[in-house]
Amino acid sequence: MSASAKSEPPIMEKIVSLCKRRGFIYQSSEIYGGCGGVWDYGPLGAELKRNLRDAWWRTMTREREDVLGLDACILMNPAIWAASGHVATFADLMRECSLTNKRVRADHVDPQDGILMNYSGAQSATGWKLPRAIAVLMKKGEHIESFRKRVRLLIASNAGEAAGKPEEIELLDETKGDTVEQSIDYHPETGAALGEARPFNLMLKTYLGPTATEADVTYLRPETAQAIFAQFKNVFDSSRVKVPFGICQIGKAFRNEVTPKNFTFRSREFEQMELEFFIKPDEAVEIISGSVAAWSEGADLSGPKPDWGWQMWHRYWVDQRTKFYQSIGLGDVLEYYWQSPADLAHYARACVDILCEFPFGTEELEGIAARGDFDLSQHQKHSGKSLEIFDEELKTAATALTEEAKEALIQRRLATELAKEKGALTEAEVRAWFERLCKGFYLPHVIEPSAGLDRMALAVLAKAFHQYEKEDGKGKSETITILRLHPSIAPVKVGVFPLLKNKPELVSKAREVYQLIKGRLNSFYDEAGAIGRRYARQDEIGTPFCVTVDFETLGEQGEELKDTVTVRERDGGAQHRVKISELTCWLANRL
Ligand code: ATP
């Protein structure tokens with residue numbers, strides 16, 4: 001998105017303001033000064049989110065034969081988080097500001113340049129003294145006096161009442177340091193020197209039960225995926241499914257993000273939409289089908305084939321998810337970041353981030369990872385319960401394998417294990433695994449498309465947001481806002497208006513039309529103000545169609561137009577004459 005003109009607020013500010021003004025998104029607990037990194041969805045936001053959630057659920061499970069749904073709890077046995085690795089490693093590296101103790105993610109510190117000022121201390125009129133020396137970067141172009149004022153303010157805000165008023169704080173022993181360029185050692189907001197990077201666990205701790213001791217500690221889930229792994233065997237046993245199949249879930253997740261930012265993009269409470277798609281290990285595919293399909297550019301991904309291994313399934317899901325984003329109007333703002341082998345987690349075979357162009361940069365919308373059997377094997381190990389499945393077709397096919405063919409498969413797996421830096425199986429473990437495989441038993445591998453609902457909502461809002469200047473009749477310029485949301489996800493589908501408010505026949509007919517439509521399509525009735533204003537109000541919230549009951553509807557312009565209405569399209573403003581009896585169908589076909 002292009003940078004905004006200097007005199008105008010940045011585009012993101014305009015989006016945040018529209019969201020509040022029209023009831024899409026509000027700051028949580030606003031009347032109490034807010035609650036960092038937490039957002040509430042107003043009436044229109046709730047509808048938008050519901051439409052996105054429904055679209056995802058429909059395409060991921062209802063329209064498929066091979067994916068089932070799950071609705072698991074936010075609270076789980078904490079052993080799950082130990083098994084998944086979240087207790088030990090779900091941490092961001094953080095650095096602390098020496099002036100305010102504010103933390104910032106080590107990878108969010110961008111180079112800054114300016115002049116370094118050193119203070120051996122500061123003291124206030126009340127005698128309070130800064131306990132340690134500080135180094136603060138005077139940013140390029142910053143005036144020395146406004147810089148000093150800023151530092152005093154920061155000290156006062158951090159030290160509380162004891163520090164006194166900012167102007168009473170004397171900065172002691174100010175020494176001008178070097179001109180620093182491209183340094184990475186300063187807090188992005190305060191400019192004060194940063195401490196060493198230290199890990200900071202992102203899980204939100206809570207207590208289950210009334211005693212609130214360390215033994216009662218559990219966590220608000222930081223992702224929905226783990227419940228799917230923990231319930232994998234129950235779903236498999238109760239649903240008569242065969243691998244490959246998937247389990248999907250939509251639900252809240254919580255992360256104690258240190259620097260929640262960019263509106264809802266990085267929140268502390270958010271909603272995820274995740275699929276775990278379970279597939280046969282490649283060796284099982286090879287035993288059954290004779291070979292494993294290799295991926296190459298242009299490969300046919302239109303529908304699953306029996307000889308697909310993890311690579312084809314991974315590509316397939318990237319393709320499916322891309323089609324989904326195209327269907328909600330984001331097709332032309334996507335980019336893909338394929339993680340390099342160095343970026344990948346030790347168990348992952350591939351991971352692609354689907355990125356989207358936001359006003360603040362191109363950022364992750366969804367990650368699609370090929371995770372091998374890491375998750376199920378961790379839960380099998382930690383719970384002591386077998387999570388293997390039995391595959392009759394595999395057992396039968398394995399009986400036809402020659403000893404040479406078996407040894408070749410073992411050797412290939414051994415070579416893969418040898419190449420691993422971490423978590424490699426020993427030769428004995430590989431042979432034991434292969435023996436189980438030939439008897440038809442294995443832990444399925446997994447492909448995981450994991451999307452964030454709040455990021456998706458923000459992405460469609462940002463993509464849809466358009467403003468332009470228009471002259472009104474009196475030569476005055478006004479700013480027109482249009483949300484060009486894809487009709488299928490727009491919170492309100494139809495605005496229904498009588499042409500004039502003071503004509504009872506028009507009003508009663510319009511209310512009749514409204515009653516007819518609203519059961520099937522979320523609609524809004526409006527009779528206040530000039531018709532142009534009413535169109536504008538609907539454009540601003542992304543309503544794709546407006547229906548006006550006019551004198552033609554009443555039959556005053558001829559019998560052939562009686563019981564027809566004007567339907568006006570948001571994009572382009574085209575107008576159509578549609579019979580009331582066909583209206584609901586006409587609209588539904590275009591959504
Ligand atoms: P990031 O690198 O942006 O922190 P991540 O790689 O940690 O994201 P995942 O753990 O892969 O994210 O989570 C899957 C999806 O959940 C993300 O692609 C994103 O859409 C969403 N998500 C993750 N963290 C947040 C958050 N703090 N706020 C909103 N959505 C989030």
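Below, all heavy atoms of this structure are taken into account, side chains as well, without hydrogens, waters or symmetry copies.
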Any side-chain to backbone donor/acceptor pair from [X] onto [Y]? Under 3.5 Å, distance only.
{"X": "S239", "Y": "F236", "value": "no"}
{"X": "S450", "Y": "E448", "value": "no"}
{"X": "H576", "Y": "E569", "value": "no"}
{"X": "N522", "Y": "P491", "value": "yes"}
{"X": "Q380", "Y": "L387", "value": "yes"}
{"X": "R268", "Y": "G36", "value": "yes"}
{"X": "Q249", "Y": "A72", "value": "yes"}
{"X": "R570", "Y": "G542", "value": "yes"}
{"X": "R590", "Y": "P487", "value": "no"}
{"X": "R198", "Y": "M94", "value": "no"}

**Message:** Does I328 form a side-chain contact (heavy atoms from CB on, under 4.5 Å) with N51? I'd like the steps, not just the answer.
**Reply:** CA-CA 10 Å; I328 58 167; N51 292 341; over 6 Å; no
If you measure from [atom1] on [X] to [atom2] on [Y], what distance do you get to the nearest 0.5 Å?
{"X": "S267", "Y": "K261", "atom1": "OG", "atom2": "NZ", "value": "13.0 Å"}
{"X": "F254", "Y": "T206", "atom1": "CZ", "atom2": "OG1", "value": "10.5 Å"}
{"X": "I447", "Y": "M312", "atom1": "CD1", "atom2": "CE", "value": "11.5 Å"}
{"X": "I15", "Y": "F24", "atom1": "CD1", "atom2": "CZ", "value": "11.5 Å"}
{"X": "D391", "Y": "F441", "atom1": "CG", "atom2": "CZ", "value": "10.0 Å"}

Take atom [atom1] of [X] as the centre, draw a 6.0 Å sphere, and report whether it contains more than 12 heavy atoms from other residues, nucleotides or ligands.
{"X": "K305", "atom1": "NZ", "value": "yes"}
{"X": "D71", "atom1": "CG", "value": "no"}
{"X": "E65", "atom1": "CD", "value": "no"}
{"X": "Q326", "atom1": "CD", "value": "yes"}
{"X": "R50", "atom1": "CZ", "value": "no"}
{"X": "E196", "atom1": "CD", "value": "no"}

**Request:** Among F277, Y316, W295, find the one that has a ring-ring contact (aromatic ring centres under 6.0 Å, His included) with W308.
**Result:**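 Looking at F277, Y316, W295, the match for W308 under the ring-ring contact (aromatic ring centres under 6.0 Å, His included) is Y316.
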Sub-6.0 Å ring centroid separation between F360 and F265: yes
With a 4.0 Å cut-off on N to O distance, would you call [X] and [Y] a salt bridge?
{"X": "D66", "Y": "R64", "answer": "yes"}
{"X": "E403", "Y": "K406", "answer": "yes"}
{"X": "R431", "Y": "E435", "answer": "no"}

**Asked** With sequence neighbours excluded, what pairs up with K323 under the side-chain hydrogen bond (donor to acceptor under 3.5 Å, both in side chains) test?
**Response**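 Checked K323 against side-chain hydrogen bond (donor to acceptor under 3.5 Å, both in side chains); matches are D319.
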If the condition is side-chain hydrogen bond (donor to acceptor under 3.5 Å, both in side chains), which residues does D40 pass it with, not counting sequence neighbours?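 Counting only residues at least two positions away or on another chain, D40 forms no side-chain hydrogen bond (donor to acceptor under 3.5 Å, both in side chains).
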Given side chains that start at C-beta, do those of [X] and [Y] come closer than 4.5 Å, heavy atoms only?
{"X": "V258", "Y": "V104", "result": "no"}
{"X": "W39", "Y": "Q27", "result": "yes"}
{"X": "M273", "Y": "M456", "result": "yes"}
{"X": "D454", "Y": "Y41", "result": "yes"}
{"X": "M60", "Y": "F324", "result": "no"}
{"X": "E269", "Y": "K252", "result": "yes"}
{"X": "L583", "Y": "V494", "result": "no"}
{"X": "R266", "Y": "R455", "result": "yes"}

key: Audit row: K463, L485, side-chain contact (heavy atoms from CB on, under 4.5 Å) steps and yes/no   = CA-CA 8 Å; K463 167 79 198 311; L485 290 169; over 6 Å; no
### Query
Do E274 and E223 pass the side-chain contact (heavy atoms from CB on, under 4.5 Å) test, and can you show the C-alpha distance, the side-chain angles, and the key distance before you say yes or no?
CA-CA 9 Å; E274 297 195 294; E223 60 174 38; 4.1 Å; yes
| request: Validate the cation-pi geometry between R321 and Y325: distance from NZ or CZ to the six-membered ring centre under 6.0 Å, angle to the ring axis within 45°. | output: yes
Find out whether the Lys NZ or Arg CZ of R520 is both under 6.0 angstrom from the six-membered ring centre of W586 and within 45° of the ring's axis.
-> no
Going by atom type alone, with no hydrogens or angles, which donor-acceptor pairs under 3.5 Å involve a side-chain atom of residues 240-248 and a protein atom two or more places apart or on another chain?
none

Check the side chains of T322 and Y336 for a donor-acceptor pair under 3.5 angstrom, ignoring hydrogens and angles.
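The answer is yes; a qualifying pair exists.
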- Task: Check whether the side chains of Y442 and D373 place a donor and an acceptor atom closer than 3.5 Å, and report yes or no.
- Result: no
The residue among H445, E286, R413 that forms side chain to side chain contact (heavy atoms under 4.5 Å, CB included) with P281 is H445
Q: Over all heavy atoms of both residues, which pair between I389 and P444 is shortest? Give the atoms and the distance, please.
A: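 Residues I389 and P444, closest heavy atoms: CG1-CG, 4.1 Å.
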Derivation and outcome, side-chain contact (heavy atoms from CB on, under 4.5 Å), residues V87 and Y219: CA-CA 9 Å; V87 172; Y219 304 93; 4.1 Å; yes
